[in-house]
Structures are given as C-alpha cells and as structure tokens.
Amino acid sequence: MNVIEISNVSKTFTLHNQGAAVIPVMSDVSLSVAAGECVGLLGASGAGKSTLMRLLWGNYLAASGQIVIAGTDVAKAEPREILALRRDRMAYVSQFLRVVPRVPTLDVVAEPLLVTGTPEDQALDAARALLTRLRIPERLWSLSPTTFSGGEQQRVNIARGFIRQVPVMLLDEPTASLDATNRETVLSLIEEAKARGTAIVGIFHDEAARDRVCDRMIEMERFAA
Amino acid sequence: MKPLFTVRDLEKRYGSRIGCTDVSFDLWPGEVMGIVGESGSGKSTLLSCLAGHMTPDQGQVHFDGRDVLAMSEPERRFLARTEWAFVHQNPRDGLRMAVSAGGNVGERLMAVGARHYGNIRETATDWLGRVEIASDRIDDRPSAFSGGMQQRLQIARNLVTGPRLVFMDEPTGGLDVSVQARLLDLLRGLVRKMGLSAIIVTHDLAVVRLLADRLMVMKGGRVVEQGLTDQVLDDPQHPYTQLLVSSVLQV
C-alpha cells in the first residue's frame, strides 16, 4: 500500500519584488512510497531535494499536481487538515531546530506527544527515554536547546521526530553532524520505524547510511524543470 | 465538527475610505489565526468589527450558529465577557488599575454569577499561578506590576471564565524581547490546554509563526493572501507578502 503518492507535481518560485523573475524548480514529479519503504533523494545542491521535502510537509505550495499523504492531498488541503496530518500521521526531522527560546529540552521533545493528547507523565517518560538513548546528558534536559552544540541540537530534533510512531517520516540529513555512536543510534531508530511500517523519504549525504536504510534512490535530475 | 466563527463579506468604511472590505473566513474550534499587515492595513479595524467594538457596514458574523450582528447590546456584552475574551495591547485598557490583582480576576467570575468569596479567591490565586504571578502579589494593584506582569494579569482576567474565542491585539507589543518569549510560551500552553480558538492581530511575524495555525495577510483593507502560517511565511505568493517577509531584519 502506498502511503505517499505524488503525481505530476511542479514547483516554481515567482519573485515579484525582483523583476517578477520566475524560477522553475521541478516539474512532472511522480513518486510513490509504500509502507515500510525508505526512499532517498539524490542530487547536487540546488537540485530540489529540500524543496520536495518541504512540498511533502505542506510548507511549500505546489504549483500543480497532487501530493496524497496518508489520505490527505497536501497540495489542496485546508490549513487545519495539514496540521492534523502533521499532528497525527507525519513527522519531519529538519536540519534546523526551531523552538520557543526558554522552553526546556524535555518539554520540546515531549511536545509532539502532548499535542496528540498523551498524558503529561507518559509523554515526559517517552522524552526521557529517547534523550537517554540519544546520549543527551541529563543535566541539559531542563535547559533550552537553543544554546546547545550543532550535534546536540540535531539529536533533540531527532528525538522530537521519533517520539511518536507515525506512518510517514521526512528525514533531512539526520546523521549529518553526529559522531559514530550517535549515528548508529539514529540508523537503528530509522530501521525500527521501517519495521513498524513507516514510509520514509530522506536526504542522506552519508553514503554508508544511505546504503543501509534506503530501499530505493531517486535522482532529482529526473524532475528538472 | 462545525466552524466556531464564520465571517462573510465584512466591510467597514470611514466615509469614502476603506477600513476593511471583502473579508470572509471560517475559524474552527481550537484554531489560532494570525492577522498581519503594516499600520493602516485594516487589521485593527477588522479586529474591532469582529469583536463587536465597531459595527461593520456590511457582511455577516456568526458565532456558534448565532448571528452576532443581530444581537441586542446586552446580549452582545454578555457574550463578550463569557464566551469571548479580548486581550488589549496596552494592559491598562484591559485591566482595572485601581483594583487589586485578585479583584481584577475575581470581578470577571462575579460577572458570570460566582458569589462565594472563598471560591473566587481560590480560583483567582490558581489563575495568578498559571500566569506565573506569585500568590503573595494577589492584593497588590496592577499599577505596582511590571509591564510583562500586567499583560499576564490581563490574560488571567480574560481566560478565567473559560472563553471559547479570544481576540488579541498585539499581545506582546509593548514588552521587551525576553518577556515576549515567556509570554508567547505561556499563551501557547494555555491555548493548547484549554482548546481555545483565537484571532491575533500583530505586525510581528515571529509571534504568528509561534502562535498561529493560519495566517491572513492584509494590505489596504483587503486580504491579499491567507493559508497555513509556515507556508505563507516560507513560500509567500503575493508580492506584498514577499516584501513583508523579506523585510524582516535577521538577528
């Protein structure tokens, strides 16, 4: 069963304040991802890998086509339908951590569970377990992650992404700034998600990681506009 | 599920000038909508019309199936202090400065029928705690509070009666940055725990990114773009939204 079904999607950016320049990014993107499958996106910088991820997340607006994810067409859905999809059925581990400044790490990680109505003690327990597994020292849990190192912030982001079990995950370079031990933990998390039937679309510059978790690779050049 | 608040073809004119025009939207239970735009874009006029502070010249406003514009003044006032709440930019506009902090919160409870002094004081203390005001300040007047504390007190006064729809006009406007972040986090938590619907007018794009599910961009009294907040901010379609987003100074 395909959890992600992209058909004939195109994306252009129109820069109205820079001479109305139109930048075509991709066209005619069609791609499906089955439950338990991990698809890697390949291509040079600027080939549109991140743009495609953002289209799937509903962060960018598709110029045309359909993006059906776990029953919701993200290209046409109302804001509240996209938010419901993100809350219940989809997780996105981006390269950047964006949080309210003074919120403690433990709460940042537990938040995706809290918004689905999980009782607070259960959500915090799950957050503690994941932070431990990702080797974020306990003395940091009560601090805001905004001052953490790059690798620590990335692991907080990963903990936030993996705290729920969802049918769809988007992973943007999840192992980029991690040491060997933590990289291994993240790859295991990905493998466990696949075994549960999560459909994954990812960007992996780390070739060994790519070979280990990806079932298929997609060259972005195919979709060049 | 049905929309909580529906607005159709709303228009307000000041003589021949347009305050706001052609505004239509549905707000769903638990949804937070941000309205952004520069000074004079009509966002405050729109909020005033929505909250019943001003009478629009045209259009319909329905709350939970009830026609708000057809209500009598007493009916509308009752709605405004029970199921609705309004958080002003300047806390002095929303507080009674000569009444103690506890009295500011308790007064709202009495307005909806609470009479037992002990219970009122207990609820007021609980709410001061929720907005992070120490319980030993309950008998102090708001004039003895800092700007950030006054704003938090205004929020407690407004939310104590358990409203379903909250209007906010630049809720973090007059506060310094460190206090802003704290207030935003507080508002986010309250909105989530109480399942509130809210309409927030602001010119601060960082505020709407953190608080609002969806965004409406206004210019010259008209809505030029609306959609999911992060989509409108990260992939703006209208020339004016693109200008607005690209004009924010980075720190």
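All values derive from a computational prediction rather than experimental measurement. Residue numbers begin at 1 in each chain, while the letters A, B, ... track the order of the sequences. Only heavy atoms go into these numbers, but all of them, side chains included; no hydrogens, no water, no symmetry mates.
- Within the 4.5 angstrom heavy-atom criterion, atoms from both the backbone and the side chain of A:L61 approach chain B.
- Between A:R210 and A:D206, none of the side-chain N atoms (NZ, or NE/NH1/NH2) sits under 4.0 Å from a carboxylate O, so this pair counts as no salt bridge.
- Heavy atoms of B:L243 lying under 4.5 Å from chain A belong to its backbone as well as its side chain.
- Looking at B:Q242, both its backbone and its side chain come within 4.5 Å of chain A, counting heavy atoms on both sides.
- Ion pairing between A:R222 and A:D28 fails under the 4.0 Å rule for side-chain N and carboxylate O.
- In this structure, a donor-acceptor pair under 3.5 Å is absent between the side chains of A:T72 and A:E81.
- Using a 4.0 Å cut-off between a side-chain N of Lys or Arg and a carboxylate O of Asp or Glu, A:R80 and B:D213 do not qualify as a salt bridge.
- Side-chain contact annotation: B:S41 with B:R222, donor-acceptor N/O pair under 3.5 Å absent.
- Residue-level contacts of residues 188-208 of chain B with chain A, in order of numbering, are B:R188, B:R192; threshold 4.5 Å between heavy atoms.
- Inspection of the A:D125 and A:Q122 side chains reveals no N or O donor paired with an N or O acceptor under 3.5 Å.
- B:Y240 and B:H238 have perpendicular rings, their planes meeting at more than 60° on a 0 to 90° scale where under 30° would count as parallel.
- Using a cut-off of 4.0 Å between Lys/Arg side-chain N and Asp/Glu carboxylate O, B:D235 and A:K11 are scored as salt-bridged.
- Heavy-atom pairs under 4.5 Å with chain A peak, among B:R209, B:E31, B:Q226, at B:R209.
- The contact between B:Q237 and chain A is made by backbone and side chain atoms together, counting heavy-atom distances below 4.5 Å.
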